[in-house]
Amino acid sequence: PLFGPEPRLVVSERTTWITTPLVADGLPDFSAHLLARLGPAPPPEENAAVPLLAALWPMGFVGPDLDLVCKAIGIPVAKPARPPLVPADADPLLQGLEDLVADGSSRPWTAEEAPDLRAWADRNEDALDLIAEAAGRPRYFLPSPSLLRSRPEPLMATLLSDLQAVRAATASLACRGMGHAGAGRFADAWRDIHATHRLGRLLAPPDRPYLLIHALRAAAISIEADRCTLELLGLPDLPDDVLAAIRRDLAALPPHANLAAALATERLIGIDSVVWTQRSDATRQELLGSPGRDGKAARALCSSTSLDWNGVAMAVNHAYSRLEEAAGRKSFAERRTAANAVVLGSLVLPTEGPLASAAYVARLGLSRIERADFVGRKILEFFVPNPSFVDATLTKRDCLSDLVRLAAALEAARRADPGRGFPQRLDELVPGHLEAVPADPFIDGPLSYARRGDGYLFYSHGPNLADDGGSDIFGWIEHGEWRHGAAPVSTAADDIVIRMPMPKRPLRRPR
């Protein structure tokens, strides 16, 4: 029926996904469930969040939220004695130097080139040391205050204020590391870059729940750390012991975040949103009345017809199950095809004019199952980013990590036999320098590799699955050769390219 009382939402694995703990109305407490999965809290001396919070104080938390967070991680609510970090791109003394700051975190620089950047690093030395210390701890536990409050709240309101702070911290640490490299302090440079690698992994660990936004933020940190590592590997005077430390530390890094694990946590938010939407008319208007396709139709459907929220929950669960199955497929092309087949919002209803009215929706004669499926897909449309984009980003991250380890092995092989130089083929690295040569994760085939002059070129095809001849998406490398002179421009090519030797690029100065 289109009208009449709505059936009660049943607590089961097919509908609410989790069945305990419950709140007063008999429905699951998703916040408590997620908090339990995040915990237990590690001792403060093992928690990377403790020195990070001190370095980034107050990390976006204010008032009672700061009290809740400090209590959760077992520390007093007290401003640290040492001054917190002022990120380079927020330092009033560096305003207008955004290009310089960006370059400073991606290639070696000297105090002579950038005295203002050197002064910033010196002013923030204590805070940057705390960030590097945090990376050496085994866990990062900093639950959102939204999960710590005594009253239940929708998971969609979960605060993620720490993510931007951690991203600023890692960029600042990478910038200092590249300053160490420019000054010839190679061990100090690798300490900061290795810490950046570690922080990216701690943000979304394989044994704890995380969201897609955590996975994407961690991927951005890892990509930045990998590019800094390549800059170190390209330095002709990099000491042998630092090269050995780079290879050893890269091999010991924990696994990256993965899409399937993130989707498992995203499912909790999706189902929790179903629960809160059926609880509250205001939430229905906020969630289902969002701008975009089918917004007016969704409002009309929810305000004027009877919905079976069990059907909505089952539709959401089914979509997440299909997305998780797609994320688990072996090849990139298969994952992309399967994810694109999960059409979010496929039932198109009018969004403007009289055809968007409740009467028109009623005249469509949609069954209760069809209405539930439509609303479930509308909820998913609100929450789930393009799964193909996320998978492409995470696959780029995995690919670059493999290429950096491969570059380190090539450098070790060159040093082991200086008269011969770099190998003619990648399989010559096995077994002396690598257990196995990584494959191109985008095409499940071999990487393109060639000796060029006194260096080499190798690359992956990238998300477009096409061989662009070694031209990268940033425009720095075209057809396997570095650009000179003009600044790079974004191109249609998206190969992931390593070209050695690397030229010394000047720091861009502010306009």
Side-chain angles (χ1 to χ4, degrees), residues 190 197 222-223 225-253 255-256 330-334 395-474 476-483 491 493-503:
W190 176 240
H197 279 287
S222 293
I223 288 170
D226 279 326
R227 295 197 179 281
C228 288
T229 305
L230 282 173
E231 293 286 343
L232 288 182
L233 294 172
L235 294 174
D237 48 352
L238 183 73
D240 289 344
D241 63 330
V242 177
L243 173 61
I246 290 173
R247 298 193 67 206
R248 181 185 65 248
D249 292 340
L250 289 178
L253 286 173
H256 282 299
K330 183 176 183 298
S331 79
F332 176 78
E334 289 177 339
T395 305
K396 285 181 186 176
R397 173 211 61 195
D398 293 342
C399 181
L400 186 57
S401 292
D402 285 343
L403 297 189
V404 169
R405 287 192 291 270
L406 184 54
L410 282 165
E411 180 61 20
R414 183 190 69 80
R415 295 185 182 203
D417 190 354
R420 185 164 180 265
F422 292 109
Q424 295 292 337
R425 301 187 316 277
L426 292 178
D427 58 15
E428 295 176 30
L429 296 170
V430 180
H433 301 283
L434 279 179
E435 292 184 3
V437 176
D440 184 334
F442 288 100
I443 62 169
D444 297 318
L447 296 163
S448 297
Y449 171 80
R451 283 281 307 271
R452 287 205 178 180
D454 58 352
Y456 60 79
L457 164 74
F458 64 84
Y459 61 91
S460 159
H461 281 51
N464 68 2
L465 305 182
D467 186 343
D468 295 313
S471 296
D472 74 342
I473 193 170
F474 302 105
W476 278 115
I477 303 175
E478 292 182 325
H479 305 297
E481 297 299 335
W482 287 93
R483 287 175 58 101
T491 69
D494 68 352
D495 290 346
I496 301 170
V497 189
I498 308 294
R499 177 70 170 98
M500 293 289 185
M502 304 175 76

Per the side chain to side chain donor-acceptor pair (under 3.5 Å) rule, what does the pair list look like for residues 233-242, sequence neighbours excluded?
Asp240-Arg415

Do Leu250 and Val404 have side chains that approach each other closer than 4.5 Å (heavy atoms only, starting at C-beta)?
yes

What residue pairs, at least two apart or across chains, pass side chain to side chain donor-acceptor pair (under 3.5 Å) with a residue in residues 451-464?
Asp440-Ser460, Asp440-His461, Arg452-Glu481, Tyr459-Asp467, Asn464-Asp468, Asn464-Asp494

Quick check for you: to the nearest 0.5 Å, what is the distance between Glu411 atom CD and Ile246 atom CD1?
9.5 Å

When rounded to the nearest 0.5 Å, the distance separating CZ of Phe458 from CG of Asp495 is 13.0 Å

Just how far is it from atom CG of Leu400 to atom CG of Leu230, taken to the nearest 0.5 Å?
6.0 Å

Spatial distance of atom OG (Ser471) from atom NE2 (His479) [nearest 0.5 Å]
4.5 Å

So which heavy atom on Leu465 is nearest to which on Ala333, and how close?
CD1-CB, 4.2 Å

Atom NE2 of His197 and atom CG of Asp249: how far apart are they, to the nearest 0.5 Å?
9.0 Å

For Ala409 and Leu434 the tightest heavy-atom approach is CB-CG, 3.7 Å

Can you see which heavy atom on His256 is nearest to which on Ser401, and at what distance?
NE2-OG, 3.0 Å

Are any non-hydrogen side-chain atoms of Pro441 and Asp398 less than 4.5 angstrom apart?
no

side-chain contact (heavy atoms from CB on, under 4.5 Å) between Leu406 and Leu447, intermediate numbers included:
CA-CA 11 Å; Leu406 184 54; Leu447 296 163; 3.7 Å; yes

Are any non-hydrogen side-chain atoms of Pro463 and Thr395 less than 4.5 angstrom apart?
no

Could you walk me through whether Arg414 and Met500 pass the side-chain contact (heavy atoms from CB on, under 4.5 Å) check?
CA-CA 12 Å; Arg414 183 190 69 80; Met500 293 289 185; over 6 Å; no

Can you see which heavy atom on Ser331 is nearest to which on Asp444, and at what distance?
CB-OD2, 2.8 Å

If you look at every heavy atom in Ile477 and Gly470, which pair is closest and at what distance?
CG2-O, 3.4 Å

Looking only at non-hydrogen atoms, find the nearest pair between Asp402 and Arg405 and report the distance.
OD1-NH2, 2.6 Å

Which value, rounded to the nearest 0.5 Å, describes the distance between Ile473 atom CD1 and Lys396 atom NZ?
4.5 Å

Residues pairing under ring pair (Phe, Tyr, Trp, His ring centres under 6.0 Å) where one sits in residues 424-450, two or more places apart or in two chains, turn out to be Phe332-Phe442

Step-by-step side-chain contact (heavy atoms from CB on, under 4.5 Å) determination, Leu410 to Ile498:
CA-CA 12 Å; Leu410 282 165; Ile498 308 294; over 6 Å; no

